[in-house]
Number of protein chains: 2
Amino acid sequence: MTDSTERLEDTGYRLTAPRRAVLDAIASINRPFTIEELSEGLPNIGRATVFRTVKLLQELDIVCRVPLEDGSVRYERSRSGRHHHHLICSVCGSVTEFSDPSLDAAIEQNATSASFELESHSAELYGRCDSCRTTS
Amino acid sequence: MTDSTERLEDTGYRLTAPRRAVLDAIASINRPFTIEELSEGLPNIGRATVFRTVKLLQELDIVCRVPLEDGSVRYERSRSGRHHHHLICSVCGSVTEFSDPSLDAAIEQNATSASFELESHSAELYGRCDSCRTTS
DNA sequence: GACCTACTTGACACTAAATATCAATAGAAT
DNA sequence: ATTCTATTGATATTTAGTGTCAAGTAGGTC
């Protein structure tokens, strides 16, 4: 979170008390969260500000958007702060990041053969994580 | 759409007038649509029915959900009716389906190495389609 | 063809997620 | 300390979708 505040400043954004509060709250949550959940834990911060801050943090790759299989959305602090994909457990809801250059290459290959100029992409994997798989 | 009605019947769903109307409307739209747009073109059909029917058609792989980069969602008649991925043009909004076993394999490989039991996955490619790329 | 019954519909209320507005507030540069 | 502009909070509004339930109808049966 310290380097998150730095990243905010470096990008020209103001380091305000509400933004610090949102960053702290995100740092202390250890699971994917909804904005509502985050907002409930921050009764002194306006709901709109929480939405705005999370949107900002997404742009800075500090937080990432996690689309669930049912169409709902959660957010999570990005571990890597860089491009990655997700393994999303349908049992416990845990989200694991991974990167794979060969997966990215396969995606680029498909774009190229369709004469499509790729700007970005997403890949989400849904299933059961190791511990939920072995525990059930 | 004829085989869509067959697929409805085969699965035990009733072939009702509203469902036919929704199927016809989808067949006549040649671009990704929102439920609102679809519903506007069907003033005699209840909004809830349009939502319900599109949800049903998704389950039957007749229609597919297309998540856009900004988090909004559109729907499109599935050409293949089977598992596939999307090339989504950020200029004209066109959506092209593609399948690639080697892409699927790369995804499965990642799940396996994380001891993750893969149930499903999605991959969306965003950028500029061939005609928008060459026209601009 | 009439009948039955479960599936489906339509109207409407409601929820959830997010954005728009705008006066008031407060970073941070000087 | 002052100033200027980004940011905030409160609230209204939008968008996308679901829940409820009485009324309607598809399609199998006699």
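Values reported hereafter were calculated over all heavy atoms of this structure, with side chains retained and with hydrogens, waters and symmetry mates removed. Below, chains carry the letters A, B, ... as their sequence lines are ordered, and counting in each starts from 1. Treat the numbers as computed from the prediction; the structure is a model and nothing was measured.
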> Going by modelled atom types, is there a donor-acceptor pair between the base of C:dA6 and the side chain of B:R14 at under 3.5 Å?
Replying inline: yes

>> Determine whether the aromatic ring centres of residues A:H121 and A:H85 are separated by less than 6.0 angstrom.
In response: yes

>> Less than 3.5 Å apart, any donor N or O on the side chain of B:S122 or A:E124 sitting next to an acceptor on the other?
In response: no

> Is a donor-acceptor pair below 3.5 Å formed from side chain B:R47 to base D:dG17, judging by atom type as modelled?
Replying inline: yes

>> Counting distance alone, no hydrogens or angles: does the base of D:dG17 have a donor or acceptor under 3.5 Å from a partner atom on the side chain of B:R52?
In response: no

> Rounded to the Å, how far apart are B:Q58 CD and D:dG17 C1'?
Replying inline: 12 Å

> Atom CG of A:L56 and atom P of C:dA18: how far apart are they, to the nearest Å?
Replying inline: 16 Å

> Taking atom P of D:dG27 as reference, at what distance in whole Å does atom CD of B:E9 sit?
Replying inline: 6 Å

>> I want to confirm an ordering. Mapping B:A48 and B:R20 to their closest nucleotides on DNA chain D, which one lands closer to the 5' end?
In response: B:A48

> In whole angstrom, what separates B:K55's NZ from C:dT9's P?
Replying inline: 14 Å

>> Could you check whether A:R7 pairs with A:D10 (Lys NZ or Arg NE/NH1/NH2 to Asp/Glu carboxylate O, under 4.0 Å)?
In response: no

> What's the shortest heavy-atom distance between A:C64 and A:H86, and which atoms?
Replying inline: SG-NE2, 3.5 Å

>> Counting only side-chain nitrogens and oxygens, does B:T16 get under 4.0 Å of the OP1 or OP2 atom of C:dT9?
In response: yes

> Can B:E69 and B:S90 be counted as having a side-chain donor-acceptor contact under 3.5 angstrom?
Replying inline: no

> Quick one: does B:L56's side chain get under 4.5 Å of B:R19's, heavy atoms only?
Replying inline: yes

> Is B:E36 paired with B:R47 through a side-chain N to carboxylate O contact shorter than 4.0 Å?
Replying inline: yes

> Does a side-chain heavy-atom distance below 4.5 Å link B:R20 with B:L23?
Replying inline: no

> Can you list, by residue number, the residues of residues 29-45 of chain A that have a non-hydrogen atom closer than 4.0 angstrom to DNA chain C?
Replying inline: A:I35, A:E36

> Nearest-Å distance, CZ (A:F51) to C1' (D:dT14)?
Replying inline: 13 Å

> Could you state the CG-C1' distance from A:L15 to C:dA29, rounded to the nearest angstrom?
Replying inline: 15 Å

> Would you call A:R14-A:E9 a salt bridge at under 4.0 Å N-O?
Replying inline: no

> Looking at DNA chain C, which of residues 67-76 of chain A put a heavy atom within less than 4.0 Å of it?
Replying inline: A:Y75

